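Just so we're clear, the structure is a prediction, and the values are computed from it rather than from any experiment.
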Amino acid sequence: WEHFAAAGTIRTVMTNADIALSRDLDGIDPKTGNPFMTDDGDVSCIFKCRRDSGCGKTLCPAATETLEIMDQLKNDNEMFVEEFRNAFVKMLMNKYAVDPACSLEPCALVGLELANGESCTNSHQCQ
């Protein structure tokens, strides 16, 4: 996904995961009968119609579960940073814990113990 502002001065690039927070890419395009997103990640719908190019393709439908939250976050950078921080820390801490011997930040992460007593130190082992 690329967006160019007037006269091509500002270029914004987003991934399908970014767009899927506000658009539902899981559906079927009623114009073509094909999925909005292929297994390769190609997307057949568009984010929004542009005045200069018309609207020949199907608009991607709104992601009803997250669109309201995305609308709030786009207008409140402080809220976005806090929510992003929380999600990022949660992803980083998945299958890890802070070293209990740590008293000052930043603390080292240690792998969680697996059922067999071994340490879980990478995503393959932790699954």
Side-chain angles (χ1 to χ4, degrees):
W1 297 87
E2 289 184 271
H3 171 71
F4 293 91
T9 56
I10 299 173
R11 178 176 171 225
T12 303
V13 178
M14 291 188 266
T15 66
N16 286 349
D18 296 323
I19 297 298
L21 291 169
S22 61
R23 298 293 184 259
D24 182 2
L25 304 179
D26 289 333
I28 301 294
D29 186 334
K31 289 183 179 179
T32 66
N34 295 323
F36 285 128
M37 186 169 64
T38 66
D39 291 340
D40 294 341
D42 292 331
V43 178
S44 63
C45 58
I46 58 175
F47 188 79
K48 67 180 182 179
C49 289
R50 294 179 46 121
R51 288 185 209 136
D52 59 343
S53 63
C55 200
K57 290 186 174 182
T58 303
L59 283 173
C60 300
T64 55
E65 292 183 39
T66 55
L67 186 60
E68 187 176 321
I69 298 166
M70 295 301 101
D71 197 40
Q72 292 171 358
L73 293 174
K74 79 177 182 182
N75 295 314
D76 188 338
N77 194 55
E78 191 174 312
M79 180 181 177
F80 170 81
V81 169
E82 180 65 22
E83 293 296 328
F84 179 85
R85 179 195 168 284
N86 293 341
F88 192 63
V89 167
K90 187 174 185 176
M91 288 184 344
L92 289 175
M93 295 299 293
N94 186 31
K95 308 294 182 188
Y96 289 89
V98 175
D99 185 342
C102 178
S103 61
L104 297 172
E105 290 189 9
C107 295
L109 298 178
V110 293
L112 298 178
E113 194 171 288
L114 299 172
N116 64 5
E118 294 181 18
S119 180
C120 170
T121 58
N122 65 49
S123 60
H124 178 71
Q125 288 178 322
C126 298
Q127 293 177 358

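- Screening residues 77-90 for salt bridge (charged side-chain N to carboxylate O under 4.0 Å, His left out), with sequence neighbours left out, gives no hits.
- The stretch residues 17-26 participates, sequence neighbours left out, in these side-chain hydrogen bond (donor to acceptor under 3.5 Å, both in side chains) pairs: Thr15-Asp18.
- Judged as a side-chain hydrogen bond (donor to acceptor under 3.5 Å, both in side chains), and not counting sequence neighbours, the contacts of Asp29 are Thr58.
- The side-chain contact (heavy atoms from CB on, under 4.5 Å) test with Cys45 singles out one residue from Leu59, Ile19, Leu25, and that residue is Leu25.
- Among residues at least two apart or in separate chains, there is no ring pair (Phe, Tyr, Trp, His ring centres under 6.0 Å) pair with a member in residues 23-44.
- Residues meeting the ring pair (Phe, Tyr, Trp, His ring centres under 6.0 Å) test with Phe80, sequence neighbours left out: Phe84.
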Cut-off 3.5 Å, no hydrogens considered: what does the side-chain donor-acceptor table look like for residues 63-74, sequence neighbours left out?
{"unit_1": "Thr66", "atom_1": "OG1", "unit_2": "Leu21", "atom_2": "O", "d": "2.3"}
{"unit_1": "Asp71", "atom_1": "OD1", "unit_2": "Lys74", "atom_2": "NZ", "d": "3.2"}

